[in-house]
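Below is one structure, written out as structure tokens; the observations come after it.
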Amino acid sequence: MKEQPVYIPAEIEPKWQAKWEADGLYHSDIDPSRQKHYALTMLPYPSGDLHIGHWYAMTPSDSRARFMRMRGYNVVFPMGFDAFGLPAENAAIKRGIHPKEWTYSNIDRMREQLKSMGTMIDWRREAISADPQYYHWSEWFFTQLRKNGLVYRKMSPVDWCPHCNTTLAREQVWGEDRHCERCGTPVIKKDLEQWFFRTTQYADELLDFSHIDWPDRVQALQTNWIGRSDGTSVVFFTESGDTLDIFTTRPDTLWGATFMVLAPEHPLVGKVTSKEQKKVVDAYIHQAVRQTDIQREALDKDKTGVFTGGYAINPVNNERIPIWIADYVLMTYGTGAIMAVPAHDQRDFEFARMYGLEVRVVIQPDDTPALDGNSMTEAIPAYGAMVNSGPLSDTPADLAFDRTIEFLEESGIGHFTVNYRLRDWLISRQRYWGAPIPVIYCPVHGAVDVPEDQLPVMLPDDVEWLPTGESPLKLHPTWKYTTCPLCGEPAERETDTMDTFMCSSWYHLRYLSPEYTMGPFDPQEYDYWMPVDTYTGGIEHATMHLIYTRFFHKALRDIGVVKGPEPMLQLRNQGIVLGEDSEKMSKSRGNVIAPDNLVAQYGADTVRAYLVFFARWDLGGPWNSSGIEGSVRWVRRVWNLFTEPVPAGKPAKHELRSLRRKVHQTLQRVTHDFENFEFNTIISSLMELLNEMYRLREQGVGGSSEWEEAVDIYLRMMAPVTPHVAEELWSRLGKPYSVHTQPWPEVDESAAEEEQITLVVQVNGKLRDRIDVPAAISEAEAKQLALASSSIQRHLDGREPKKVIYVPGKLVNIVG
RNA sequence: GCCGAAGUGGCGGAACAGGCAGACGCGCACGACUCAAACUCGUGUUCCCUCGGGAGUGUGGGUUCGAUUCCCACCUUCGGCACCA
């Protein structure tokens, strides 16, 4: 007898990886005769090592791309690196390594680690955002957006991370303490002249998800983030004759405005303040400015404010109402001024009670006892009939909003308007390791675009690493000095670089043709491959990258660079792999699982199988070192069954039939699960089938054509998840190279069908018996058999069945 | 407060569309193999029980012959947003 080969992943995995690479097995090229499938997974930042999170994100994505390929699609599955960013610069400051060197050596290591996973990545398409041939086009996009009015420069109070020494976009400031998304340091405000992209111009379109299949969770996060409020813009006047615009979502409460509140930074504050009040107003502004946003926005804080001494006229009733300033009104939302309706807004109510201002009821909800402004203990924000509201009094709740807007528009004092929480995207970064902003400042011509034929503006290599809060480019002795493209006179370059999210907003396009020099991408490649069919990655990008890339696509579509409403049709998010202690993995906790070690210990296939199996992919969960043993055993049991000689016997016909049934039922389930991203049950089903094959082997089914079919289908089904061992076994069985280019097997529906079923028999909905019957049993026969059961008779206890329910193929329920 | 996701054995999880709850795996227990251990293989494993059964999918109701699944009201955990007018 031949000795059985031992499963040694370290021998077979590098061998097949080398062969696949040499053969170009995973190259994907335009082929108009086949349907394309663009499978994209979020590109990693080259931080140093590939961690288990990368594996968790990429293994199922790779497996599904492989599955789609076997289903006949021309699949492209590219990879690259989001290579600009702060950690490279921090490494430079800390260790004296040039960011470029740090980044590119990390990329080299991570590329090899990625290769050890055995993915179907087409490395010819690799794109690295820090390459000049890449950032050339990041700069070009900036210029295009600017030409089309989607970029502006503005002095404004912006979020500044004192640790990273740079400004941040609103999206990169997280949590109640408003900390930097990258390093966790609370941000501060700085007044700076910065570049912005007009993301708000696309706010409404970004709220429309009708063209894409994205998780509800992401849609909700983005919708929340964009924060659309429908309301009204109303023009008040100050007594000195200035217009004072306010925004309100409750125009129906306009007659209840008993005072107005301006943000301390509001430009009209100086003008409305009376001589008598100037001192207290100045003092209030002074202390408000000194407070951080966090202090100002703390919810438990009592409302503070001061009277300006000025008055405004409410345009609906010409009433004279006092103007206050208070820090609960934010300059950054709406117009920075509000009408205060204490009876119907809790914040205004608290303020009014604090300072003894009038509370006037103008809304009376139907189900509430008559309201009285003097005795109320809280505001009543519910909708209701309008009262004390001049010509609109008695307007019912459901008409109040629309009627008031009609009234305001007819009177010319207000109109319907929409406000968003979304802010324009601040893209300036005071850092070196990013794509330069291609702008030159000329004393005569102002901010001039670098002409297209002079792109890219190259990053200099020789810079100093000082954490000064200024871009190192600014400190470079010569780099910024240039001449104006318009007049040729001496001028200076912009020394800020772009947010790296700008570079990652279009990487899916660069993959199409990373060597292309005539534009950001080859239009032929674009027309064939785009849009992205399935996009996979972490949920943490819901309100950053995933908003930016949609904005970018829509903006470029309007400029005529790309086509279609959306860049990525289907999005699926993986969860997070936690440490064994159920905590987030971190070096300081010492709970990090290193995939390299796992590969050395178990082989990539087993790690892949376990990552696919151990949790629901969209939820993730804690790692379990003993849990992986299940995957170890599964792979080894497959190996053993398919390499051991299987003795041929004289199997019973029904055993052969049952083998085929199980194979094709499994195929049905595995196909369904791949399609629906339900990866964990793919392995369960394969394990079940394997157990059944072990059992049937003892029944002598070896050597039969049914057994051959089972082995053949089994290897094809496992190939996407465990590519190396599938290829090795496929090859050992003498099948034609490669298993990965084989078509996905077809389900034989008749083989999958059951001809004998177990009918459940219930009495009053409780399980009392099971009977084995032919699947084709008639209703009458089934009911008769069920009633004949002794167990059923006992439970009926002599009662006559009132009703007998029959569910074909499932059960009989006797109601007695 | 608003929005979203999730609550099922000791653990991860399964149950396609309202029809056998707990597939598959981990762990555990017992057995076989072994001088022994590991590996491997086999059996068992929701809880209670008087061995007839009874209870059971976060809680309380409801719809239904029948609910993990649908409806209503809550509770808990996680994530996001938040003096946003």
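Within every chain, numbering begins at 1; the chains are lettered A, B, ... in the order of the sequence lines, protein sequences first and strands thereafter.
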Could you tell me whether the side chain of A/T404 reaches within less than 4.5 Å of the side chain of A/M386, counting heavy atoms only? yes
Proximal nucleotide (of B/G66, B/G12, B/G25) relative to the A/M687 side chain: B/G25
Could you tell me how far B/A23 sits from B/A14 if I compare only their P atoms? Round to whole Å. 13 Å
Does A/R347 have a side-chain nitrogen or oxygen under 4.0 Å from the phosphate oxygens OP1 or OP2 of B/C84? yes
Which residues within residues 220-228 of chain A lie with some heavy atom under 4.0 Å of an atom in RNA chain B? A/A220, A/L221, A/N224, A/W225
Should A/R217 be listed as having a side-chain N or O under 4.0 Å from OP1 or OP2 of B/A6? no
How long is the span from the CZ atom in A/F259 to the CH2 atom in A/W324, to the nearest 0.5 Å? 8.0 Å
Which part of the nucleic acid, if any, lies within reach of A/R170 when heavy atoms closer than 4.0 Å are counted: base, sugar-phosphate only, or nothing? sugar-phosphate
Measure from NZ or CZ of A/R637 to the centre of the six-membered ring of A/Y694, then state whether that distance is under 6.0 Å and the direction lies within 45° of the axis. yes
Give a yes/no on whether any side-chain N or O of A/R768 is located under 4.0 angstrom from OP1 or OP2 of B/G54. yes
Pairing partner of B/C81 (Watson-Crick or G-U wobble, both distances under 3.5 Å): B/G1
Do we see a donor-acceptor contact under 3.5 Å between the side chains of A/T304 and A/Y284? yes
Assert: residue with more 5' nearest nucleotide on RNA chain B, out of A/V760 and A/T681, is A/T681
Regarding A/Y420, tell me which of base, sugar-phosphate or nothing describes its non-hydrogen contacts under 4.0 Å with the strands shown. nothing
Provide the distance between the two P atoms, one in B/U69 and one in B/C84, to the nearest whole Å. 37 Å
As a test of reading the structure: which of B/C20, B/A85, B/A6 is closest to the side chain of A/I338, going by heavy atoms? B/A85
A/N691 side chain N/O closer than 4.0 Å to the phosphate oxygens (OP1, OP2) of B/G25? yes
Whole-Å distance, A/R178 CZ to B/C81 C1', equals 13 Å
Salt bridge flag under 4.0 Å for residues A/D230 and A/R228: yes
If I pick the P atom on B/C71 and the same atom on B/G54, what distance separates them, to the nearest angstrom? 30 Å
For A/N680, which contact category applies under a 4.0 Å heavy-atom criterion: base, sugar-phosphate, or nothing? sugar-phosphate
What is the glycosidic conformation of B/G61: syn, defined as within 90° of 0, or anti? anti
Whole-Å distance between B/G13 P and A/I682 CD1? 17 Å
A/R669 CZ to B/C16 P: how many Å, rounded? 11 Å
Compare the minimum distances between each of B/G52, B/A14, B/C83 and the side chain of A/R794, then state the nucleotide with the smallest one. B/G52
Nearest-angstrom distance, C1' atom, B/U77 to B/C72: 22 Å
Atom pairs under 3.5 Å: protein N/O with N/O of nucleotides 39-42 of chain B:
unit_1	atom_1	unit_2	atom_2	d
B/U40	OP1	A/R636	NH2	3.0
B/C41	OP1	A/R637	NH1	2.8

Shortest side-chain distance from A/Y333, nucleotide among B/G25, B/G19, B/C84: B/C84
Could you measure between the two C1' atoms, the one in B/U40 and the one in B/C33, and give it in whole Å? 8 Å
When you measure from the side chain of A/R616, which nucleotide among B/C65, B/A14, B/A85 comes out closest? B/A14
B/U46 to B/G13 separation - C1' atoms, rounded to the nearest Å: 15 Å
Choosing from B/C65, B/A85, B/C26, which nucleotide comes nearest the side chain of A/F247? B/A85
Would you state whether a donor and an acceptor, one from the side chain of A/R421 and one from the base of B/C84, lie under 3.5 Å apart? no
Please pick, from B/C83, B/G13, B/A21, the nucleotide with the shortest atom-to-atom distance to any side-chain atom of A/L767. B/A21
Student check: side-chain heavy atoms of A/V612 and A/N680 closer than 4.5 Å: no
Does the structure place the NZ or CZ of A/R421 under 6.0 Å from the centre of the six-membered ring of A/Y333, at an angle of no more than 45° from the ring's axis? no
N-glycosidic conformation, B/G80 - syn within 90 degrees of 0, else anti: anti
Ion pair check, A/R250 and A/D345, cut-off under 4.0 Å: no
Please determine whether a side-chain nitrogen or oxygen atom of A/S229 lies at a distance below 4.0 Å from atom OP1 or OP2 of B/A85. yes
Quantified in whole Å, what is the P atom distance between nucleotide B/A15 and nucleotide B/G58? 16 Å
What is the separation between atom CZ on A/R423 and atom P on B/C81, rounded to the nearest whole Å? 15 Å
P spacing across the pair B/A37 / B/A32, given as an integer number of angstrom: 11 Å
Would you classify A/Q346 as touching base, sugar-phosphate or nothing, given that sugar-phosphate means primed atoms plus P, OP1 and OP2, and contacts are heavy atoms under 4.0 Å? nothing
Closest to the 5' end of RNA chain B, once A/K810 and A/R250 are matched to their nearest nucleotides, is A/K810
For residues A/L690 and A/W634, determine if any side-chain heavy atom of one lies less than 4.5 Å from a side-chain heavy atom of the other. yes
If I take atom CG in residue A/N419 and atom P in nucleotide B/A82, what distance separates them, rounded to the nearest angstrom? 15 Å
Across the strands shown, which category fits A/G620 at heavy-atom distances under 4.0 angstrom: base, sugar-phosphate, nothing? sugar-phosphate
Using whole Å, what does the distance between atom C1' of nucleotide B/G18 and atom CD1 of A/I805 come to? 12 Å
